[in-house]
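Residue numbering restarts at 1 for every chain, and letters A, B, ... go by the order of the sequence lines.
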There are 4 protein chains.
Amino acid sequence: MSTPPNPLRRNESSRRAILEAALQLCAEDGYGRLTIEAIAAHAGVSKKTIYRWWPSKGAVILEAIDDMANLLADHVDTGNLAADLHTQLSAVIELLTPPNNSAITGLIAEALHDKDLANDLRERLIRPRITAFKERMRIAQASGQLAPDADLDVALDLIYGPIYHRLVFHLGMPDAEQLRTLIAHALRGIQPA
Amino acid sequence: MSTPPNPLRRNESSRRAILEAALQLCAEDGYGRLTIEAIAAHAGVSKKTIYRWWPSKGAVILEAIDDMANLLADHVDTGNLAADLHTQLSAVIELLTPPNNSAITGLIAEALHDKDLANDLRERLIRPRITAFKERMRIAQASGQLAPDADLDVALDLIYGPIYHRLVFHLGMPDAEQLRTLIAHALRGIQPA
Amino acid sequence: MSTPPNPLRRNESSRRAILEAALQLCAEDGYGRLTIEAIAAHAGVSKKTIYRWWPSKGAVILEAIDDMANLLADHVDTGNLAADLHTQLSAVIELLTPPNNSAITGLIAEALHDKDLANDLRERLIRPRITAFKERMRIAQASGQLAPDADLDVALDLIYGPIYHRLVFHLGMPDAEQLRTLIAHALRGIQPA
Amino acid sequence: MSTPPNPLRRNESSRRAILEAALQLCAEDGYGRLTIEAIAAHAGVSKKTIYRWWPSKGAVILEAIDDMANLLADHVDTGNLAADLHTQLSAVIELLTPPNNSAITGLIAEALHDKDLANDLRERLIRPRITAFKERMRIAQASGQLAPDADLDVALDLIYGPIYHRLVFHLGMPDAEQLRTLIAHALRGIQPA
DNA sequence: TCTTAAACGAGACGGTACGTCCGGTCTTATT
DNA sequence: AATAAGACCGGACGTACCGTCTCGTTTAAGA
């Protein structure tokens with residue numbers, strides 16, 4: 001009968017050492033070469049301690065990324081929708097471009113064949129950003145920059161889709177000018193018939 | 001001084017046994033559990049023979065997939081652009097949906113941290129389909145269903161992007177009706193200003 | 001920076017299983033066909049555990065042989081030197097004659113091109129027997145059966161030498177009668193000028 | 001039905017290249033690291049050619065050693081038996097001492113668990129030397145330096161035995177003075193009762 | 001002199017074992 | 001009770017050689 005570990009007893013400094021070691025090693029050697037063994041050694045922690053609190057190295061990285069506050073300046077509102085989307089998407093692209101991308105693309109890769117990790121990734125990292133995106137879009141609707149009956153799910157697809165399409169096939173990220181064009185076309189597409 | 005193996009001496013029946021074993025094992029146990037060891041055993045082949053001709057298990061799967069002709073009914077032309085895109089995207093979605101997706105999503109995942117594999121994947125599998133897509137779009141331009149000066153790169157982004165965005169974050173693939181809506185909006189977005 | 005494993009943590013039952021498996025497999029298939037892989041499998045132990053504690057299969061066999069107590073009834077003293085030597089040498093010949101000889105001759109063979117193993121073999125197995133031999137000879141000197149100033153190193157050479165000469169060139173071991181003759185001549189040779 | 005290779009067709013220059021490569025590689029890396037693969041590559045010869053003419057790497061080395069004429073100045077006769085034995089044994093010791101010993105001790109080691117090789121080694125290399133030794137001893141008997149009824153098999157044992165005893169247990173070879181002493185004692189032992 | 005069958009170099013092949021790495025579990029001693 | 005340390009079993013890694021097996025290409029015999 002295995003009892004789940006008691007969170008009250010958890011050693012916070014170990015936790016932080018683990019997350020920092022994970023991110024650092026990931027940046028140094030890439031996600032593919034990252035091992036629980038190395039994280040433990042580098043954090044001065046026993047492997048058991050990692051396995052007690054996380055089910056996989058993906059989960060460690062996920063929590064490490066989640067822990068870094070303000071990864072994205074989330075959907076600021078300067079009043080200009082296209083400009084704000086440009087700001088936001090530039091930040092996302094930055095995160096997905098070498099040499100900053102190892103942890104995140106590694107996580108995405110792992111999630112592609114780990115259903116549990118995929119759920120965690122979506123619910124903890126992505127869902128809140130989708131919500132923030134939609135809120136920004138609703139403000140745009142309120143201010144008349146976007147049709148009041150525009151489909152925000154379609155908006156999400158058209159605006160973020162291109163980036164991930166390019167990511168998975170290494171098609172190259174858009175530069176600032178291309179991004180502007182892309183956003184303009186996407187916004188046009190969103191308008192209802 | 002390592003010379004590359006001589007392709008003339010290659011044993012075609014071994015090659016085929018390897019590719020078939022790889023696909024079968026991938027379908028059975030998933031890409032993550034696929035090992036060179038198992039492929040070799042299942043194909044009745046020595047590991048050395050696999051390592052002689054492929055640099056990684058990803059490369060094996062890539063060639064296996066590439067070998068299957070007519071994976072996609074590539075961009076048929078019935079005269080109706082939206083309908084043809086719907087047909088084509090449905091086929092792509094089918095390939096990316098369980099239980100058929102293990103090999104392909106596994107390959108995509110691996111390519112996310114293997115630059116060489118990523119290049120091979122793009123050039124051998126993706127690039128030809130992009131070309132086919134653009135040809136179909138040019139026909140649509142010629143027939144007046146699409147503006148003659150529509151940006152086909154943007155088209156690619158807006159039409160295929162949503163699928164891969166949903167794939168990487170497990171957001172659920174669109175059903176037939178949602179797909180229709182998506183295509184309609186994307187096509188509207190493509191039209192130049 | 002590799003630290004040697006901590007002997008306090010060693011699993012004694014694994015150690016014994018390994019040594020027993022090694023001896024058994026050696027007896028079954030011969031030293032030449034003995035593999036670390038098979039020892040591990042047969043002992044229900046991971047290869048890593050073997051490599052952690054022994055540098056080579058020779059070292060495993062050496063420890064296994066060393067572990068068997070009373071391999072030789074070491075130089076009994078019945079008061080009759082020639083008879084006692086005959087007893088002792090017969091036992092040695094027995095060990096070096098099929099089907100009992102696989103482990104020991106295998107070890108000797110390996111030691112011929114592994115200096116470290118050779119040192120271990122000499123110091124752990126052979127040196128104590130040389131000491132015991134010399135002690136028996138000193139008793140013989142005390143009792144007047146051997147000249148008090150006989151050179152015991154020469155004695156060792158003349159008495160044990162023939163056996164190993166015959167071993168390495170497969171010249172056939174002496175039978176009881178030949179052995180008696182050999183000992184008689186060797187003892188005569190030992191007497192100082 | 002495999003026919004044995006036709007010796008008339010044999011390529012002598014390949015044969016020599018193989019034997020030379022074998023000896024050279026053996027001297028460089030030691031018998032243990034010697035491989036058929038490396039011999040073939042180094043001799044510019046296909047592996048098949050080696051396997052066609054020799055059953056094992058031991059057999060190659062044996063032939064290579066056998067090919068070197070005058071390995072030993074075989075039992076010269078200066079009229080002084082002890083001195084001649086000293087000359088002869090010194091030459092043997094030289095062959096068994098680093099850095100010249102790799103091929104020969106390797107061969108001895110291999111013969112310890114390869115019965116066929118052991119027979120070849122004995123009959124091709126050792127037996128002729130034993131014969132030569134006995135002839136020299138018979139001359140000594142004729143000249144009165146040795147008892148006419150001395151047992152020459154015992155002589156062989158007492159004179160050569162010590163060297164191989166020391167070899168197999170790495171007990172150190174005798175220096176010139178020790179060797180003189182050893183021969184003196186052995187000769188004394190040989191005299192019949 | 002011209003076959004023609006062998007020996008040959010090259011090296012791919014199915015295997016077996018190597019020695020290493022890491023995953024995930026478990027034990028021991030410490031805090 | 002959670003931890004650091006680290007031994008343990010398992011299993012896959014990628015490599016090295018084994019001995020066998022085609023492939024063409026010499027090459028030397030005997031017709």
Side-chain angles (χ1 to χ4, degrees), chain A residues 2-3 5-11 13-14 17 33-41 43-53 55-57, chain B residues 3 5-11 13-15 17 33-41 43-53 55-57, chain C residues 3 5-11 13-15 33-41 43-53 55-57, chain D residues 2-11 13-15 33-41 43-53 55-57:
Chain A
S2 77
T3 34
N6 178 350
L8 297 181
R9 290 290 189 111
R10 185 165 188 178
N11 184 331
S13 73
S14 289
R33 298 198 200 293
L34 183 64
T35 64
I36 298 278
E37 202 101 17
I39 296 173
V45 138
S46 123
K47 284 199 289 175
K48 181 85 189 202
T49 301
I50 298 183
Y51 284 112
R52 193 172 359 247
W53 300 108
S56 68
K57 76 168 175 173
Chain B
T3 33
N6 180 349
L8 297 180
R9 292 287 180 89
R10 187 165 187 177
N11 184 331
S13 73
S14 289
R15 180 182 158 275
R33 299 197 201 295
L34 183 65
T35 65
I36 298 277
E37 200 102 18
I39 296 173
V45 139
S46 95
K47 285 198 288 175
K48 181 76 197 224
T49 299
I50 299 182
Y51 285 112
R52 185 161 19 234
W53 301 108
S56 65
K57 74 170 177 172
Chain C
T3 33
N6 179 352
L8 297 181
R9 291 287 181 88
R10 187 165 188 177
N11 184 331
S13 73
S14 289
R15 181 182 159 273
R33 298 197 202 295
L34 183 64
T35 65
I36 298 278
E37 200 101 19
I39 297 173
V45 139
S46 97
K47 285 199 288 176
K48 179 78 194 220
T49 299
I50 298 181
Y51 285 112
R52 182 159 26 232
W53 300 108
S56 67
K57 75 169 177 173
Chain D
S2 76
T3 34
N6 180 351
L8 297 181
R9 291 288 190 100
R10 185 166 189 178
N11 183 333
S13 73
S14 288
R15 180 181 160 276
R33 300 198 199 295
L34 183 65
T35 66
I36 299 278
E37 203 101 19
I39 296 173
V45 138
S46 125
K47 285 198 290 175
K48 182 88 189 201
T49 300
I50 299 182
Y51 284 112
R52 187 164 14 238
W53 300 107
S56 67
K57 76 167 177 174

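The CZ atom of B:Arg10 sits 11 Å away from the P atom of E:dA12 (whole-angstrom rounding). If you measure from atom CD1 of C:Ile50 to atom C1' of F:dC9, you get 12 Å, rounded to the nearest angstrom. Atom-to-atom, NZ of B:Lys57 to P of F:dC13 comes out at 8 Å; the value is rounded to the nearest Å. Atoms CD (C:Glu37) and P (E:dC18) sit 6 Å apart, rounded to a whole Å. Straight-line distance from the CG atom of C:Asn11 to the P atom of E:dT27: 11 Å, rounded to whole Å. In this entry the distance linking CZ of C:Arg15 with C1' of F:dC8 reads 17 Å, nearest Å. We find that CD1 of B:Ile39 is positioned 12 Å from C1' of F:dA12, with the value rounded to whole Å. Between the P atom of F:dG11 and the CG atom of B:Leu34 lies a distance of 17 Å, rounded to the nearest Å.
Under a cutoff of 6.0 Å and an axis angle of 45°, D:Arg15 and D:Trp53 do not form a cation-pi pair.
Phosphate contact (OP1/OP2 of F:dA2, side-chain N/O of A:Ser14, threshold under 4.0 Å): absent. Checking the phosphate oxygens (OP1, OP2) of E:dT16, no side-chain nitrogen or oxygen of B:Ser46 falls inside 4.0 Å. Taking 4.0 angstrom as the limit, B:Trp53 places a side-chain polar atom (N or O) nearer than this to OP1 or OP2 of E:dC13. The side chain of C:Arg52 places an N or O atom within less than 4.0 Å of a non-bridging phosphate oxygen (OP1 or OP2) of F:dC8.
For the residue pair C:Ser46 and C:Ala40, the shortest heavy atom distance occurs at C-CB, 4.2 Å.
Residue whose closest nucleotide on DNA chain F sits further toward the 5' end, between B:Ala38 and D:Tyr51: B:Ala38. Heavy-atom nearest nucleotides on DNA chain F were determined for B:Thr35 and for D:Lys47, and the one closer to the 5' end corresponds to B:Thr35. Of the two residues near DNA chain E, B:Val45 and C:Ile36, the one whose nearest nucleotide lies more 5' is B:Val45.
Nearest to the side chain of B:Asn6, among E:dA12, F:dG19, E:dT20, sits E:dA12. Each of E:dC13, E:dG19, F:dT27 was ranked by its minimum atom distance to the side chain of D:Arg9; first place goes to F:dT27.
Applying the 6.0 Å contact sphere to CZ of C:Arg33 captures no more than 12 heavy atoms from other residues, nucleotides or ligands.
Taking CD1 from D:Ile36 and NZ from D:Lys57, the interatomic distance works out to 8.0 Å, rounded to the nearest 0.5 Å.
In this structure the side chain of C:Ile50 never reaches within 4.5 angstrom of the side chain of C:Lys47, judged on heavy atoms.
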